[in-house]
Visitor: 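Below are the structure tokens for one structure; questions will follow.
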Amino acid sequence: MNKRVGLSLLIIGIFAYGTNYGTAFANSTEERNRPEKACSEEFEKYHKKLDDRVLKDIVKSYSLNLSGFQEFTHRELDLKVGDSMNDHSDQISLQHLFVGGSIGSMRLFLENGLEGTKGYFLYKRVDGSNVLKVLNKMGNIWVVMTVDEKKADKLKQKPFNWDKCAD
């Protein structure tokens, strides 16, 4: 009986220590890294400028014309509460494209929006290569038809200076 009580107290103690340590660490990290509103707005401008440079580089390397195409973000493809998965299989079939790392944002362009039948998924790999995935809609599902990668330069960009936000 004493062994069970001792073991139970040991387990509870380890659990309590781990929970408190993790919470304290998470809070202290969050407090240190919380950006000020002005810094967040400046970072958004910085990020948009990088995204524009990346898109321009990819469009140039593939000689693409994106007029008539509508851009979709990963967030715009998320289903809303109450949406039926069966009614939005086209959106669901596109979400997996946004997995992985890239320089700048991954960009999805669909001709005539979700009602269209042709699309491009564009991004710059971490190694600097430009990637073009050509998409076609078959029924209610978007399918990657081809993937083309071209060697390109990594875009030189100074890292954003979060230290200037500190008091």
Side-chain angles (χ1 to χ4, degrees), residues 25-26 29-166:
F25 180 75
T29 303
E30 181 181 345
E31 290 294 324
R32 267 187 286 127
N33 292 334
R34 187 181 305 159
E36 298 297 324
K37 183 178 181 184
C39 234
S40 293
E41 290 170 0
E42 193 173 327
F43 177 75
E44 287 299 319
K45 290 178 190 173
Y46 167 87
H47 194 263
K48 182 173 177 5
K49 189 184 274 186
L50 173 63
D51 281 349
D52 290 346
R53 286 181 59 210
V54 168
L55 181 61
K56 186 177 178 180
D57 183 55
I58 295 170
V59 167
K60 182 180 174 186
S61 69
Y62 290 104
S63 301
L64 294 175
N65 179 1
L66 295 176
S67 59
F69 285 77
Q70 181 181 351
E71 183 172 7
F72 287 85
T73 64
H74 190 212
R75 180 166 282 166
E76 290 172 327
L77 297 173
D78 287 343
L79 299 183
K80 311 295 182 266
V81 174
D83 284 348
S84 167
M85 290 178 68
N86 294 332
D87 296 337
H88 298 283
S89 54
D90 55 346
Q91 289 174 240
I92 295 168
S93 67
L94 292 166
Q95 291 176 342
H96 77 280
L97 296 170
F98 290 90
V99 175
S102 66
I103 296 174
S105 298
M106 296 176 168
R107 314 284 291 265
L108 173 64
F109 294 90
L110 302 177
E111 190 174 34
N112 300 319
L114 288 167
E115 284 71 39
T117 58
K118 181 180 179 182
Y120 298 124
F121 188 72
L122 312 169
Y123 64 99
K124 184 176 275 294
R125 293 173 55 111
V126 177
D127 68 2
S129 298
N130 291 335
V131 179
L132 164 66
K133 294 184 178 184
V134 177
L135 310 170
N136 283 349
K137 191 173 185 181
M138 298 187 169
N140 289 332
I141 306 294
W142 287 92
V143 178
V144 175
M145 301 306 288
T146 61
V147 177
D148 188 16
E149 292 186 28
K150 289 188 177 181
K151 285 285 186 192
D153 295 329
K154 283 186 181 181
L155 295 179
K156 302 282 190 242
Q157 186 90 1
K158 293 187 303 184
F160 188 76
N161 183 7
W162 287 103
D163 292 337
K164 64 183 172 186
C165 300

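Residue indices begin at 1 and follow the sequence shown. All of these numbers come straight from a predicted model, not from anything done at the bench.
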Visitor: Short question: side chain of Lys150, backbone of Ser61 - any donor-acceptor pair under 3.5 Å?
Guide: yes

Visitor: Of all heavy-atom pairs between Lys133 and Leu97, which one has the smallest distance, and what is that distance?
Guide: CD-CD2, 4.3 Å

Visitor: To the nearest 0.5 Å, tell me how far Glu41 CD sits from Glu44 CD.
Guide: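 Result: 9.0 Å between the selected atoms.
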
Visitor: When rounded to the nearest 0.5 angstrom, what distance separates CG in Asp51 from OH in Tyr46?
Guide: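 Between atom CG of Asp51 and atom OH of Tyr46 there are 11.0 Å.
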
Visitor: Side chains of Leu122 and Phe109: does their closest heavy-atom pair fall under 4.5 Å?
Guide: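 Answer yes - side chains close enough.
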
Visitor: Any side-chain heavy-atom pair from Gln70 and Phe72 closer than 4.5 angstrom?
Guide: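 Yes, their side chains come closer than 4.5 Å.
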
Visitor: Rounded to the nearest 0.5 Å, how far apart are CG of Leu50 and CD1 of Ile103?
Guide: 8.0 Å

Visitor: Take Thr73 and Arg107 through the test side chain to side chain contact (heavy atoms under 4.5 Å, CB included) and record every step on the way to the result.
Guide: CA-CA 7 Å; Thr73 64; Arg107 314 284 291 265; over 6 Å; no

Visitor: How about Lys60 and Tyr62: does a side-chain donor come under 3.5 Å of a side-chain acceptor?
Guide: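 Lys60 vs Tyr62: no donor-acceptor pair found between side chains.
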
Visitor: Using modelled atom types and a 3.5 Å cut-off, is there a donor and acceptor pairing between side-chain atoms of Asp90 and backbone atoms of Asn140?
Guide: no

Visitor: Counting distance only, does the side-chain N/O of Ser102 pair as donor-acceptor with the main-chain N or O of Ser105 below 3.5 Å?
Guide: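 Side chain of Ser102 to backbone of Ser105, a donor-acceptor pair under 3.5 Å: no, none is there.
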
Visitor: How close do Val99 and Met106 get, heavy atom to heavy atom, and via which atoms?
Guide: O-CE, 3.8 Å

Visitor: One pair to check against side chain to side chain contact (heavy atoms under 4.5 Å, CB included): Leu94 and Leu114. What are the steps and the verdict?
Guide: CA-CA 10 Å; Leu94 292 166; Leu114 288 167; 3.9 Å; yes

Visitor: Please name the residue in the list Thr117, Leu108, Thr146 that meets the side-chain contact (heavy atoms from CB on, under 4.5 Å) test with Leu135.
Guide: Leu108

Visitor: Who pairs with Asn112 by side-chain contact (heavy atoms from CB on, under 4.5 Å), at least two apart in sequence or on another chain?
Guide: none

Visitor: Can you see which heavy atom on Leu110 is nearest to which on Gly119, and at what distance?
Guide: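 Closest approach of Leu110 to Gly119: CD2-CA, 3.9 Å.
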
Visitor: Any heavy-atom pair between the side chains of Leu64 and Leu132 that's under 4.5 Å?
Guide: yes

Visitor: Going by the ring pair (Phe, Tyr, Trp, His ring centres under 6.0 Å) test, which pairs reach into residues 123-152, not counting sequence neighbours?
Guide: Phe121-Tyr123

Visitor: Using a distance-only test with no angle check, is there a side-chain donor-acceptor pair under 3.5 angstrom linking Lys124 and Asn130?
Guide: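 Yes, Asn130 and Lys124 have a side-chain donor paired with an acceptor closer than 3.5 Å.
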
Visitor: Can you name the closest pair of heavy atoms from Lys137 and Gly116 and give their distance?
Guide: CD-O, 3.2 Å

Visitor: Identify the heavy atoms of Ser129 and Lys151 that sit nearest to each other, and give their distance.
Guide: OG-CD, 4.0 Å

Visitor: Give the intermediate values and the outcome of salt bridge (charged side-chain N to carboxylate O under 4.0 Å, His left out) for residues Lys48 and Asp52.
Guide: CA-CA 6 Å; Lys48 182 173 177 5; Asp52 290 346; 3.2 Å; yes

Visitor: For Leu77, does its backbone N or O pair with a side-chain atom of Gln91 as donor and acceptor, under 3.5 Å?
Guide: yes

Visitor: Might you point out which heavy atoms bring Val131 and Ile58 nearest each other, and give the distance in Å?
Guide: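 Nearest pair, atom of Val131 first, then Ile58: O-CG2, 4.4 Å.
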
